[in-house]
Amino acid sequence: MEEQKKQRIYSAIQPSGMLTLGNYLGALRNWVAMQDEYECIYTVADLHAITVRQTPADFRRQILETYALLLAVGVDTSRSILFIQSHVAEHSQLAWLLNCYTQFGELSRMTQFKEKSISHADNVNAGLFTYPALMAADILLYQADRVPVGHDQKQHLELTRDVAIRFNNLYGDVFTVPEPFIPKTGARVKSLQDPTQKMSKSDANPNAWVAILDKPDDIMRKFKRAVTDSESCVRYAEGKDGINNLMEIYAAVTGKTYQTIEGEFAGKGYGNFKLAVGEAVVETLRPIQATFADLMKNKDYLQSVWRENAQKAEPIARRTLAKAMKKIGYIF
Ligand code: TRP
């Protein structure tokens with residue numbers, strides 16, 4: 001039987017601070033799972049990260065730690081490519097070209113730009129504005145068929161599609177037009193302090209979020225303090241955002257259904273349930289933390305891995321960039 005060519009997945013994550021349990025259960029676990037079915041290319045998006053000011057020493061450490069953490073959660077470089085965006089110069093190059101095929105009006109409508117212009121009012125730089133063109137370059141360089149993105153990045157993916165279609169209409173088939181990828185599973189983890197909001201590492205209240213690398217004691221403390229309601233009955237229902245969130249997390253880490261969870265904690269009260277959720281999260285993160293610690297002891301090894309992976313990504317990117325440039329009229 002002829003083997004069918006695997007579809008290609010592309011995704012990226014910024015190296016901005018600690019990744020959270022929300023990032024893990026919502027996105028990274030899917031990155032790992034998708035490797036079984038797809039050809040996956042993943043990136044630490046360090047070029048995107050400087051649209052807000054970074055402190056050099058912290059930034060350097062965050063890039064390194066994010067790379068190591070992605071390996072630790074299970075991105076497998078014998079099957080997938082995992083590289084650091086700034087190591088493949090074609091990203092910046094194609095981003096420039098695409099800037100010239102993206103309209104001011106389109107970029108002005110991006111909600112993330114509008115939000116960040118307010119939250120970073122002292123530094124509304126041009127990079128913040130043209131961020132989606134760089135993101136389009138990331139995706140289009142690899143001719144990705146599908147891009148798993150969270151809700152907050154959907155608009156950027158739509159713009160990527162519009163730019164790809166526009167370019168193809170002018171010059172013929174240069175770019176694969178990527179589809180969004182909505183994974184079958186993937187928890188939407190909310191803040192432990194305000195369960196109507198998404199869990200976010202930029203939350204000022206550290207009890208609101210759990211980092212993948214949090215110590216067991218801290219994880220337990222955060223779950224014990226999680227906001228719930230006054231009903232004292234573990235059941236999934238409208239208006240019980242705190243309990244729903246804890247149930248979603250518990251279901252995601254144990255594989256249990258809501259029904260099973262409701263049975264398990266019938267008549268037991270919230271204290272018990274919170275401990276169980278905390279413990280299950282600690283056990284889920286324990287092996288990841290151990291692998292991360294091992295990797296961080298060996299920077300030479302890490303460096304050899306990211307260099308090798310950049311070398312795998314670069315020829316793919318180079319081919320697409322050359323194709324686009326030729327079409328525009330550049331000479332070689
Ligand atoms: N902008 C994305 C985020 O902040 C990260 C990202 C950069 C990305 N390039 C990408 C995601 C390409 C998907 C595809 O989450």
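Order of listing sets the numbers, starting from 1, for every ligand and every atom in it.
- In this structure, the ring of Phe113 has its center no less than 6.0 angstrom from the ring center of His120.
- A salt bridge is defined here as a Lys NZ or Arg NE, NH1 or NH2 lying under 4.0 Å from an Asp or Glu carboxylate O, and Lys240 with Glu231 meets this definition.
- Checked options Arg79, Lys6, Arg8; the residue passing with Glu39 is Arg8 (criterion: side-chain hydrogen bond (donor to acceptor under 3.5 Å, both in side chains)).
- At under 3.5 Å, not a single nitrogen or oxygen of His156, backbone or side chain, sits near a nitrogen or oxygen of ligand 1.
- Near Gln14, meaning under 4.0 Å from one of its heavy atoms, ligand 1 places the atoms 4 (O).
- The single protein non-hydrogen atom nearest to atom 4 (O) of ligand 1 is Tyr131 OH, 3.1 Å, given as residue, atom name and distance.
- If you check which protein heavy atom lies closest to atom 6 (C) of ligand 1, you get Ala12 CB, 3.7 Å.
- Put simply, the side chain of Gln35 gets close to the backbone of Val32: a donor and an acceptor are under 3.5 Å apart.
- Relative to the six-membered ring of Phe332, Lys326 meets both conditions, a distance below 6.0 Å and an angle of at most 45° to the axis.
- Of all atoms in ligand 1, numbered sequentially from 1 with element shown, those under 4.0 Å from a heavy atom of Tyr10 are 12 (C), 14 (C).
- The main-chain N or O of Ala252 is found under 3.5 Å from a side-chain atom of Arg29 such that the two form a donor-acceptor pair.
- In terms of polar-atom proximity, defined here as any N/O pair under 3.5 Å, Asp152 makes no such contact with ligand 1.
- Atom 9 (N) of ligand 1 has as its closest protein heavy atom Asp138 OD2, 2.6 Å.
- Listed by number with element, the atoms of ligand 1 under 4.0 angstrom from any heavy atom of Ile139 are 12 (C), 14 (C).
- Side chain of Gln14 to main chain of Asp46: no donor-acceptor pair is present (N/O by atom type, distance under 3.5 Å, no hydrogens or angles).
- When each atom of ligand 1 is checked for a heavy atom of Val147 under 4.0 Å away, the hits are 13 (C), 14 (C).
- For ligand 1, the polar-atom distance check finds no N/O of Ser11 at less than 3.5 Å from any of the ligand's N/O atoms.
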